[in-house]
Amino acid sequence: MTTTDSAQERFPVRFWDVGDLRGLDFDPFMAAQLRDEPISRVKLPNGEGHAWFVTRYEDVKFVTSDPRFSRQAVLGRPITRLAPHFIPLDEAVGFADPPEHTRLRKAVARSFTTRSLERLRPGAQRAADELLDEMEQEGPPADLMEHLHGPLPLAVISDLMGVPQADRRQMALWTNVILSAGYGREASERAKNGMATYFTDLLAQRLAEPQEDLAGELADATAQGGLSTEEAVAIALLIQASAAHAVRNNSANMVYALLTHPEQLARLRAEPELLPQAIEELLRFIPHRNAVGLARIATEDVEVAGVPIKAGEVVHSSYLTANRDPRVFDRPDELDFDREHIPHLSFGHGPHFCLGSMLARLEEEIILSTLLRRFPELRLAEPVEKIRWQRSALIRGPENLPVTW
């Protein structure tokens, strides 16, 4: 019997019909695979063929850090996936392997240091206060998605990038189409092309009239020969879209989690110094995306937890299931602010660890601390059953978050 025959018998291909989930419900397919078949083979709604699906914490860390699993090799292959399209442009850092990946990240790394990001804090706090001033003046009930979670992350990343106020609505529209499986491939590609054209023009403006923003930094990198224009545009698109959209949804999920866990909310109100630890536990607990993201390709034969994976085979790994692995986290399905050690993988692992992780934490800290301080009686204005959740979304989150105080 060949290795392939053995794999077919031991690991039948399971179709993962990824459905829309309400609230913070954990995907039952993911939970079952983690429990019963931690390394399996799956077929997702789009693309061709099947892929290995790795769920356990240590196995996910191994796949996402071992150089024998390549992102670059994904290019040009119609692999099985959730979205009908690939999110990054072909030249994006998301498709690169070291040392190219290292070169691309280095071009923008200084904008994401602790010192650089702390310079954003006063402006982000001021923007949050102004947005909540307007909400308070209008009076309850109010939709936090409209008043806070949507506009604040968009403003913060746009300020960092150098996108002017007049263009931010269009940025949000493009991003919503790109980061959804529901608009179809053609609409998504049009949105990506529109956004790429915008950033091509913006970088050209920065070359002519330099400014101290991320677009200016990328333009300077192209002038110095560190990046091609295509690479710089791909980096700008990925950072702008993912930073605004991911923080928008994840911060909203955090507030929803607190408003539906009254004991934890009361704890934070009584012990505000617990907030940094609470944010880490919320990051672990919240299933922030649907299904899985970008896959990797095995470049040579390799074993994962004793399972042979052949060169050329596709491997999907799940940070969400890793965050629920009971071998690492006691009572993983509970939201517990007393966890002292929370080594979650919500920002990824290995070379592709999220460059914007500290920026996301900064924004989430501002959002939660400001809401808790200014609205001590904040609560949902409608039953949880009436809250609408995004459909066909790649990053999960509510469409509306009605609150009163």
Side-chain angles (χ1 to χ4, degrees), residues 65 67 70-76 86-121 123-124 153-168 170-171 174-175 178 191-247 294 347-348 350-360 362:
S65 59
S70 168
R71 281 275 185 87
Q72 183 72 35
V74 169
L75 281 171
F86 286 120
I87 304 305
L89 294 171
D90 288 354
E91 298 82 2
V93 66
F95 280 123
D97 296 327
E100 282 297 288
H101 177 267
T102 307
R103 175 181 64 84
L104 294 172
R105 280 178 70 110
K106 185 178 179 181
V108 295
R110 69 182 182 187
S111 289
F112 292 93
T113 63
T114 301
R115 174 180 289 185
S116 295
L117 294 177
E118 280 300 320
R119 287 201 293 265
L120 293 176
R121 182 183 291 273
L154 179 62
V156 170
I157 193 58
S158 297
D159 285 343
L160 179 65
M161 184 67 70
V163 174
Q165 182 71 42
D167 297 335
R168 295 178 185 181
Q170 182 60 62
M171 278 291 165
W174 278 328
T175 296
I178 293 170
K192 279 206 301 187
N193 290 337
M195 207 166 175
T197 299
Y198 177 91
F199 280 119
T200 300
D201 294 341
L202 183 61
L203 296 187
Q205 292 175 20
R206 291 297 184 269
L207 283 174
E209 299 177 9
Q211 292 188 30
E212 292 186 359
D213 51 34
L214 187 50
E217 193 172 326
L218 288 167
D220 183 62
T222 65
Q224 299 299 323
L227 293 176
S228 69
T229 298
E230 292 77 14
E231 288 169 339
V233 166
I235 291 171
L237 186 153
L238 191 61
I239 290 175
Q240 175 75 33
S242 59
H245 198 74
V247 177
L294 197 57
F347 293 114
H352 289 274
F353 182 84
C354 178
L355 191 64
S357 61
M358 290 190 292
L359 176 61
L362 183 150

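Because only heavy atoms are used, hydrogens play no part in the values below, and waters and symmetry mates are left out as well, while side chains stay in.
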Q. Are side-chain N/O atoms of S158 and Q240 paired as donor and acceptor at under 3.5 Å?
A.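 Yes.
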
[Y] and [X], any side-chain heavy atoms less than 4.5 Å apart:
X	Y	result
L359	I157	yes
D159	R168	yes
I235	F199	no

Just verifying a value: how many Å separate [X] [atom1] and [Y] [atom2], rounded to the nearest 0.5 Å?
X	Y	atom1	atom2	answer
L160	L117	CG	CG	7.0 Å
M195	T197	CE	OG1	11.5 Å
E118	M358	CD	CE	9.5 Å
E231	L104	CD	CG	5.0 Å
S111	L355	OG	CG	8.5 Å
L154	T175	CG	OG1	7.5 Å

Q: Could you give me the CA-CA distance, side-chain angles and deciding distance for L294 and F95, then say whether side-chain contact (heavy atoms from CB on, under 4.5 Å) is met?
A: CA-CA 9 Å; L294 197 57; F95 280 123; 3.7 Å; yes

**Q.** Partners passing side-chain hydrogen bond (donor to acceptor under 3.5 Å, both in side chains) against T229 (at least two apart in sequence or in another chain)
**A.**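 So T229 forms no side-chain hydrogen bond (donor to acceptor under 3.5 Å, both in side chains) with any residue.
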
**Q.** Which residues share a side-chain hydrogen bond (donor to acceptor under 3.5 Å, both in side chains) with R110, sequence neighbours left out
**A.**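 With neighbours one apart ignored, the set is E217.
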
Minimum heavy-atom distance between [X] and [Y], given as atom pair plus value:
X	Y	result
L218	A232	CD1-O, 3.8 Å
P351	S65	CD-CA, 4.2 Å
I178	A191	CG1-CB, 3.7 Å
L203	A219	O-CB, 3.6 Å
F353	G348	CD1-O, 3.3 Å

Q: Please name all residues satisfying salt bridge (Lys or Arg N to Asp or Glu O under 4.0 Å) with R105, sequence neighbours left out, ordered by chain then number.
A: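 None.
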
Q: Go through the steps for M171 and Y198 under the test side-chain contact (heavy atoms from CB on, under 4.5 Å), then give the verdict.
A: CA-CA 9 Å; M171 278 291 165; Y198 177 91; 3.1 Å; yes

Q. What pairs with D97 under side-chain contact (heavy atoms from CB on, under 4.5 Å), at least two apart in sequence or on another chain?
A.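 Per chain and number, D97 pairs via side-chain contact (heavy atoms from CB on, under 4.5 Å) with S70, R71, Q72.
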
(Q) Under the side chain to side chain donor-acceptor pair (under 3.5 Å) definition, can you give me all pairs with a residue in residues 200-215, not counting sequence neighbours? (A)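 Counting only pairs at least two positions apart or across chains, the side chain to side chain donor-acceptor pair (under 3.5 Å) contacts touching residues 200-215 are R206-D213.
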
**Q.** Any pair counted as ring-ring contact (aromatic ring centres under 6.0 Å, His included), so long as it reaches residues 96-119, sequence neighbours left out
**A.**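 Every ring-ring contact (aromatic ring centres under 6.0 Å, His included) pair that includes a residue of residues 96-119, provided the two are not neighbours, is H101-H352.
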
